[in-house]
Structure formats: structure tokens, C-alpha cells
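Down below is the structure, laid out as C-alpha cells.
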Number of protein chains: 4
Amino acid sequence: MTLSTPLTGVVPPVCTPLTPDREVDTASLVRLVDHLLDGGVDGLFVLGSTSEVAYLTDRQRALVVDTVVRHAGGQLPVLAGAIDMTTPRVLDHVRALTEAGADAAVVTAPFYTRTHPAEIARHFRLVASASAVPVLAYDLPVSVHTKLSAELVLELAADGVLAGLKDSSGAEGAFRSVLLGRRAVPVPFSVLTGSEVTVDAALAMGADGVVPGLGNVDPAGYVRLYAACREGDWERARAEQERLCGLFGMVTAGDPGRMGGSSSALGAFKAALHLRGVIACPVTAEPQIPLSPRETEKVGKHLAAAGLL
Amino acid sequence: MTLSTPLTGVVPPVCTPLTPDREVDTASLVRLVDHLLDGGVDGLFVLGSTSEVAYLTDRQRALVVDTVVRHAGGQLPVLAGAIDMTTPRVLDHVRALTEAGADAAVVTAPFYTRTHPAEIARHFRLVASASAVPVLAYDLPVSVHTKLSAELVLELAADGVLAGLKDSSGAEGAFRSVLLGRRAVPVPFSVLTGSEVTVDAALAMGADGVVPGLGNVDPAGYVRLYAACREGDWERARAEQERLCGLFGMVTAGDPGRMGGSSSALGAFKAALHLRGVIACPVTAEPQIPLSPRETEKVGKHLAAAGLL
Amino acid sequence: MTLSTPLTGVVPPVCTPLTPDREVDTASLVRLVDHLLDGGVDGLFVLGSTSEVAYLTDRQRALVVDTVVRHAGGQLPVLAGAIDMTTPRVLDHVRALTEAGADAAVVTAPFYTRTHPAEIARHFRLVASASAVPVLAYDLPVSVHTKLSAELVLELAADGVLAGLKDSSGAEGAFRSVLLGRRAVPVPFSVLTGSEVTVDAALAMGADGVVPGLGNVDPAGYVRLYAACREGDWERARAEQERLCGLFGMVTAGDPGRMGGSSSALGAFKAALHLRGVIACPVTAEPQIPLSPRETEKVGKHLAAAGLL
Amino acid sequence: MTLSTPLTGVVPPVCTPLTPDREVDTASLVRLVDHLLDGGVDGLFVLGSTSEVAYLTDRQRALVVDTVVRHAGGQLPVLAGAIDMTTPRVLDHVRALTEAGADAAVVTAPFYTRTHPAEIARHFRLVASASAVPVLAYDLPVSVHTKLSAELVLELAADGVLAGLKDSSGAEGAFRSVLLGRRAVPVPFSVLTGSEVTVDAALAMGADGVVPGLGNVDPAGYVRLYAACREGDWERARAEQERLCGLFGMVTAGDPGRMGGSSSALGAFKAALHLRGVIACPVTAEPQIPLSPRETEKVGKHLAAAGLL
């Protein structure tokens, strides 16, 4: 499996099921991958933010890639996040995920350090030139605290540095600039949206695919949504998208007075996967705050309302 | 060497000299440690932001701690940063630095992930309870994008979770709240300022010590400043501090139009150490932008004006 | 003219032409209104951000509303911004624009002061209860530095406080939440996007209309775009939208190294109106930096490429 | 009264007492001014953030300046804020406060609009050249969302544009840069800190005076603190400052879960003035949330602990 053709379709960021003592639950992970394959997805993205990559040790990261590649590698592309602060540390992750068999690396701008667009460009160029697999840029300002500009992304695309962009910035205007600008890019370049709730809009504008965290819970829904868009049936697409918007409401199940947004959203996805019988345990990594039983009930109601329970 | 008594005095965050191909230059690192010891410092903080910890691989981090502990361990406390995104990853670093012989771990709030004060507290509690060495909190909002509140710090101090605070927030009001509040804390708790330019003020307010990046360049200056403050000679302290403020101007040597603040400040410290003959090569880690010859000249002028060249 | 029926269609925020000595150029303003009416717009929004409301004195604001209402009032709804820091000051503006004959007031959350959602709700409730005309909320986080949550907007809509929302947040996910949530709102409520570049997407999601700053330059383009969306001709809509996206590139004409984003964008709109012969003078209000001749040339090229010159 | 000599000493930002129906309570305002004069203050700053300037209508602003100037003008300098979004609107306020007899205008950088250092410089230059009274810069990033750099302030000071700086940024490092840099400024230039809790430090660094909101509640305390600093009695200064730090704890009386920081801090100052019998009514302007009786009790406890009740 290579990425010689641009990546398209539904590529969910795969949750990382944990045991009660917070080891990677590989049996549940394999079941989750099967659940996604059954749903009809076009690729898998492990070690993304939704995968709790920020919470996984290097050993756990390697185990995740190895488990997923062994189970599904070759059937569909497996992308893996190489999420760390700067170039040398990212390169260590790129080497590890390449050895474990991932087909592409997904990389953010530097974070923690105070950076500059010239340094961000240098970072992607250095990472890509040292990587044996294609590199996609991951634009996630809520975590990285800088936004990749359309100009920068298009420059790196045109120079063959980047094989694609996963845009989780929520800034649709800049996203569209990339989509319009890449028409002048002479090499293949995949543009994927990380939004769960504006997939129809992104595909209508010309995006190639979607990387929806909620796709863990309802992969078949996103696959139907993608198909409707590709067929130009915008009415059906909108109806499916709106159903998924309702389901996405689960991410606010956790009380913001006692936990952060990651705890609530990732807790909800895992609670839903647990309630649906896909994973054995809904626990999230430390120091996230677990959902209360009542908050978990809310997640169940969202599932029921969407016909998933 | 333990931290059974609270840490006081001048504890510079030790720069990490690199070779031209960006390996840790252990010979230069040993010379830098000697330069700091000759200056009369009271402790060493390796793997801090000034040490380019964000750019060092795990292997390089271990090499740094090992080199410094072998050379200076036992003579004075060696603190080491365990800088990573979340609890499980921080704990891996804490284990590594403990094995390498560091006397304490310095830990930030979680970053990259969207967090909450309850999760930050949980993070420090989990890290401290699993750590064989004392844990100090590192408040660096410019990197971490959350500010540790005085309430949170004092709660963790009173519960014996934290052995101290390194405050690099630049928010003197909140810093003073910690200093006043800790009088009611029944256990030893060190409060250190990370500011280079308000050390006299911080010590006058009751701080225990200072962790100045610029202390790499002029350790003796900070040692004199600390001594003057301890003797209550505020006039002499102010004069020394103002000389150091002038020297600190070197951090703006790099053109902000073509590089970030880290590239400029860390580049200037290393250029100064190179010009002073302490380290063999002024190179900074990737993807930082190097200072130009003309920018390096500016650093030299700052050294000359401060009588250091 | 009342707003008894929800507002729909193209409602451009009307630029405020100035004389070289920075008085309101009422003759040019009337010509601009005619230009917009000729383009087929459905309403006019004076004293918005694009109108340089932040730069207009109270006397100038009154003159603008008076001029536009006298010329176009009764033919189509005239909305006016009541942009100020807090409730009492906003209410003064609401009174002034009501006396001058505006049909509705457009109001942001409090700014300059540190605020809270409960205070924002109270602000809108107090303003609406004291206003003789309907009140629309204006969500513009880039200026106001808080984001109106979907929950807050929907609560105020359901209670009849707000007659509509102008969303210039660029956050399409939250925008969609408002669109989905308002289906349960038992009273009419207009949802308008302030984006120039995702109008087709916003209308496809169910928005009622668009308030595009670029609509000053090419009102007929936005009217065609709106019509294509209403007819469900998404291919034609997309083509028109993409042409307008290209034209929108003019907002980056100004060098970000020597001016802010407002100077560049508002300067470009006015330069374009001047080049098209609509207004007599392209000057912007103080302390904005004017476009250079070369930057103005760039604007001209955008016009030419879009077939408008 | 002119500002021909640089302003020094304690210059509290005067609270604006309101009646229960939120009109300016001029009788209470006069009593508050007398309370401040009795405390020994060196100047008065009306229409600052602590004065709720953001909430006062133009009519109310004029009434405040008029009342205070009539009562205390000529005895000590009366500074007045000209707080608005951009140059033309600020100039209207400057004219009004000059007519009402204020001795100087206090002006922020532009806000609401997206700005740039070149525009900020132009703003201050235009305002100063059109002002009949000296202009001081007001650095308040929490409200204005830009920080005035030391370079910009010193350039405007050297050119005679600014007569002084009121620094409420809380960034002591940049503050010290201004203090050190102004030694090379050939004209008088006052540097005042807006911090309540680091006055001893600011004066030790060379600041000329202090503009403490808490000075409304305990003017005599700040006058004693200033005197101790001027006499070089840093021990006495520190003790007085620490007592005032304890008193300042009242600003967190309001529950952050139901109100913003302005509601809590300004509500506490007014509650304290009411409890001390200085003003007739503790009400704050709309849409601020009032303190509950229990929160007001907390304010009383702070007063009692500081020996003020």
C-alpha cells in the first residue's frame, strides 16, 4: 500500500482503546479497526489527536501502529501521526512509524517553542527530506497555537514537500484558499478536512476527504455522507450530515466546569464505542477527567437518537 | 545531593552546546558547566527551555543529564526538565532523568491538549506520586498556553506535591501572590523566578532564587546580584541588575521578520558563549534560524558593553 | 419598511466614502447606495466594521444613517450598527440610529471590558428591551475578542430578544449549530453569514443571507450567487463563488509589514470602488495606513481578472 | 494646574459612583474625591478603566470631569481618559475633557479594529498634535489586545508626543525596559505603574508614580507606601505593600462562574467604598453582574483584616 495516488474518502483518526490500567488494549483496537473497515472507510489515521497521541508513550505509539498495520496494512492506507515539538523529535517518531509499517506521516508545525513561518517551512522541509514515507501537514491551531497559512501550505505542496493537508483549523475561508490554490499545483496533493460537522460543505468546495473523530462511532454514516457528496446528491448529503451533527453533540457531554474539552470529547467517543460494544473499556489516558455515569448516559441518548443503540 | 532543604540562589538553565551536525557537544557542555561553577552558581537546571529541551531527542536528553551529573553531581543540585505533553510521557522522562542521576524534575502543565485546572492538578499529583525525586512546577505560559494560578500552586505546595515553582510567566502580581501565600504553607517550598530582568524585585518580594537563561553568559553577574540582594544592598543590586538588563538586550539580536523569538534569544546566548570561548560552536537545533554574521556582531557589542569581551 | 419578516438575501455592509480631509462624502455615499441597488441587493447594513464604524464620530455616524435612509429608506431594509463597548453607550447609538430612520440595530457583545456569558446575555436583553427597532447580534471575535456561543444565540432567539445573527466568526461548525438549533426556535430569526468566501456553503447549510464586505465592489456577483443557491444550482453557485474568492484576494494587497489587516482590506475595497468610478476618493479613516500606488495597482489587477474593470 | 513638571506620586483612577438607576452620583463623587484628597494623593485620574469609562455615556463622562475639576481642579492635576476605538473618536473625547478642564488626556492604542505598530504610532502622533493638553499612553493589553512595546513608547517619548505612560500590562520586564530606556530621553516623561501589588518593585526600578484602582479604597495606604519608597525604607514599603496585597484580594470576591473579572473587581471596590461610607450606593454599570450579599461580606472581611472597617 502506497500513497502514490492522492488520498481520498473517509479516513477516521482511530481512537486508542485502553485497559483499566491504561495500557493499549490491542484486542479492542483490532475490533475497532474491524468496525471501521466494516463501515467502509478508505484509510486509517492512527496516532492523531483523537487517538490521544499526546498521552501515549513512545512504546505505546509503536504498539498502536504495529497492531493496526499487522491487522489492516495493505488493505487500505494507514497514516500515522508523528506529533512532537520540533524537527529532531518528530523525526524520531517518523522513523518509528515507518519501521512499524505506516504508509504516511502526519506532522504539525513546531509547538511549545516560539516559532515563525520561516521556521515552520524549514521544519516541514527537513522532516519530508528525511522521511521514507510521504508527509501530510496537520493544521490544528487549537493545539499548536499557530495556523498554517494557505500560502505556506501551497508553497510546500508545489515543491513536493507535502503530500497533503489535514485541516482541523475550523477556518473555512483559509481552507477554501488552499482548495482553490492547489489547482495551480502541478503535483498530487490531498486536502482533507478534520471537521465532523461541515463535511458536505468541504467536499462541495473540492476537498478530497474527511478525517472525522466521530467516524469512530459511526463510520458508515460518514461513508454514506461521502458517497452522497461524490454523487452530487446534496440533499441526501445534507440530511446525513445533519444527522451526524446531532450525534456530534455528544462531545459536550462532559461538564466544562470540571474538565477540559479533550476529556469531554475523547471521553464521549470512547463511551460511545463502549456502549456500542466495540471496545472493552471507555477509560481515557491521564490526566484526563472521566465522564460521570450521568454524562455517559447523555452519550447513550445521542447514540439512541441517531439510531445507533 | 538531595533537595531536602529548599533550593535557593542562582540556578541557571544550562544551554545545550551542539556540534555543527547537531549532536550534543559533551566537551563544550562540560566546559559550560565549569564556567557556571566558576561563576559561583548554586544549582544547575538542565533540559529547560533555554537548554532547547523541546528540540532534543530522548537519547540526547539522557546524554545531557548523564554528562552534567557525572561532572558536577554531588557538588550542587542538578535539576532536569521533564518536558512533554501529558502525564504518561512526562513520567517516562522523569524515570530517565532519575536514572541518570538528576536531583529533581521540573514539570509543566499539560500542553498540546485542551486542558482544565482540575486536570493540571491531577497531572502534577500523578507525576509527583510516581517520581522518586522532588518535582518542581514550571510556569511558562508562552509555551504551555495556560497559566498556573497562585491558588493551584499553593494547594499543591501545601499538600507536599510540589517542592517548588519556577515562574517564567512574567506576571509579577501572580508571582507575589504565591510568595505571600506560601507563608501559610507548612512545608518547605522554593519559589524561583525565571526572569532575567526583575531578579532584584523578585528577591525583594521574597523569592528564593533565580533561573536566568542569561546566567549562561554571565553567571558571576547573577551571583553578585543575588548576593547584593541577600545582603539587603538594594542600590548595588539595582546597579548589577541594570547592567544585566543591558546585556539581556542581546536576545533581540535576531531579525523578527525572519525568525521566531526562540531562534533569536537562544541563538544569542549560544553566540555569546561561543564568542566568550566557552563552547565550540554556536549552532542551535532545527528548525531554528541561525543568526547572521551581522546579528552575531550585535551580540558581541552587548558583551563588550557589559565588559565581558 | 419593517423587519416583520425575517431578513434574507444580500445585505452588504456599506463602505463609508470619505473626502480627502476625512469627512463623510455624502455624494459618493449616495452613488455607492445606487451602485448597490443597481446590483440588486436586498438590504443595506450601514455602520458595520466594513463601514469603518470604529473610526466614525457620532456626528458622522448620524450623517451616514440619515443619508442612506433618506435615499433608500422604504425601498429595502436599512440596518445600522450600534457598535460600542457596553450597554449604556450602545443604547445611545441605538437611539441615534432609530431617530435617523434605520430599520434595525446590529450589536456586538461588550468589548474592552473583561466579560462573561451571563453579562453578554444581560447586555443583549437590556439593549433589545430598550430598543424601538429589532436587534441583531453581530459575532465578530476578531474585534470583540469573545465568541458568541450557539447556545447563547439560540436562547436569546427563542426568547424573542434577537431578530437575527450576523456571523463573522469564520467558525463554520458553530454557525451550523445555530442553523440546526434554530429549527426549534418558535419565532422568526435570520441567520446571516459575514463571510465573503463561503457563501455557497452557508446557504447550502440553511443560512438566510449574506453580509459581504466585498459586496460593495461586486454587488451583482453576490446577487447572482445568492440566486443560484436559492435555485439549488450548486454548480453555478460554486463557479460564481470561486470567481468572488479570486476577487477577494484584493484584501491582502497591503503589505502586512507596514499596516494592519483593516488598513489593507478596507483600503482595497475603497480603492476598488474608486477605480470603478463609484466613489470620489479612496481615503480611509485615521490612523489607518493608505495603500501605496503599487498596492492599488494590485487591486486593479484583481478587478480586471474578475471582469470588473 | 499644568503638567509642565513630570507627574509623580499616587494618582488613583477615580471610581464613578452611580445612583441606583445608574446616573452619575455627583454628591458621592465629590465625597470620594475628598476621601482621596484626605488620603494625600498627588493627582486624580478620572475616566479610567476603574472609573467604568467603558460604561459611561458621553454625557456622563463630561459630567464626571466637570464635577471633579470644579471640586479639585487647581489643587492637583486631574487626568482624564479619552477611551475609544480610533483616532477620530478619541479626539472627540479629548476635546470634551479639555473643555471640561482636565489637565491631561490618557489614551490607549486603537482597539476593536485590527491594528499594527505603525498605526498605533500614527494614532498617538495624531492625537497629541491635535490635543491642547499633554497626552499619556495607557498600556492595557487585557482590554486593548495589543501591548505597547518599549521601543514604540520610547520613540514617542523622545519625539515629545507623549508626556508619560500608565502601564497596566503586568509585564514587568517590558516596564523596566521603558524605565531604563527613558534615561536617554531628553524630555520629561512620567512612567506610572497601574499595578496595585508591585508598587514597591516598580518604584525601586525607577517609576515615578502609581495609578492603583485599590487606591480608591485605601488612598492613605498607597501614600504611605509611596513615601516609604521615596525615603528608601524598603522594609517599611514592603510591609505596607503586603498589607495592600492582602486587601487587594477583594477583587476575587465575585464568583467567576457567574460574572467577569470587571464585575468582580469594580464591584468589590464600590462595595468597599460603600461599606466605608464614602459613596451612597455600590451599584455598577450595566451589563455588569452585581456582587451577592455573601460576596459583599467577603469584601467587608478584607476591609476588616486591613484595619479599614
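Naming convention: chains lettered A, B, ... in sequence-line order (proteins, then strands); numbering from 1 in each chain.
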Checklist entry - What is the distance from atom CZ of D:Arg89 to atom CD1 of D:Ile83, rounded to the nearest 0.5 Å? => result 13.0 Å
Next on the checklist: When you compare the side chains of D:Tyr138 and D:Ser49, does any donor N or O come within less than 3.5 Å of an acceptor on the partner?
Outcome noted: yes
Identify which part of [X] has an atom lying under 4.5 Å from any heavy atom of chain C, answering side chain, backbone, both or neither.
X	answer
D:Thr108	side chain
D:Ile289	both
D:Thr115	backbone
D:Leu266	neither
D:Arg22	side chain
D:Pro110	side chain
D:Pro256	backbone

Do you know which of [options] has the most heavy-atom pairs with chain C at a distance under 4.5 angstrom?
options	answer
D:Gly260, D:Pro117, D:Ala118	D:Gly260
D:Gln288, D:His145, D:Glu52	D:His145
D:Gln60, D:Met259, D:His123	D:Met259

Next on the checklist: Taking D:Arg114 first and then D:Glu119, would you say they form a salt bridge - that is, a charged N and a carboxylate O separated by under 4.0 Å?
Outcome noted: no
Checklist entry - In chain order, what residues pass the side-chain hydrogen bond (donor to acceptor under 3.5 Å, both in side chains) check against D:Glu196, with sequence neighbours excluded? => result none
Checklist entry - Would you say D:Thr284's side chain and D:Gly267's backbone share a donor-acceptor pair under 3.5 angstrom? => result no
Checklist entry - Counting distance only, does the side-chain N/O of C:Thr252 pair as donor-acceptor with the main-chain N or O of C:Gly249 below 3.5 Å? => result yes
Next on the checklist: Just so I understand: if I count every heavy-atom pair under 4.5 Å between each of C:Ala54, C:Ser263, C:Pro88, C:Ala121 and chain D, which residue has the most?
Outcome noted: C:Ala54
Next on the checklist: Before you tell me yes or no, could you show the steps for C:Thr113 and D:Ser262 under side-chain hydrogen bond (donor to acceptor under 3.5 Å, both in side chains), namely the whole-Å CA-CA distance, both residues' side-chain angles and the distance that decides it to 0.1 Å?
Outcome noted: CA-CA 7 Å; C:Thr113 187; D:Ser262 296; 2.9 Å; yes
Checklist entry - Would D:Arg122 and C:Glu286 satisfy side chain to side chain contact (heavy atoms under 4.5 Å, CB included), going step by step from the backbone distance to the final call? => result CA-CA 8 Å; D:Arg122 188 177 174 120; C:Glu286 296 287 8; 2.8 Å; yes
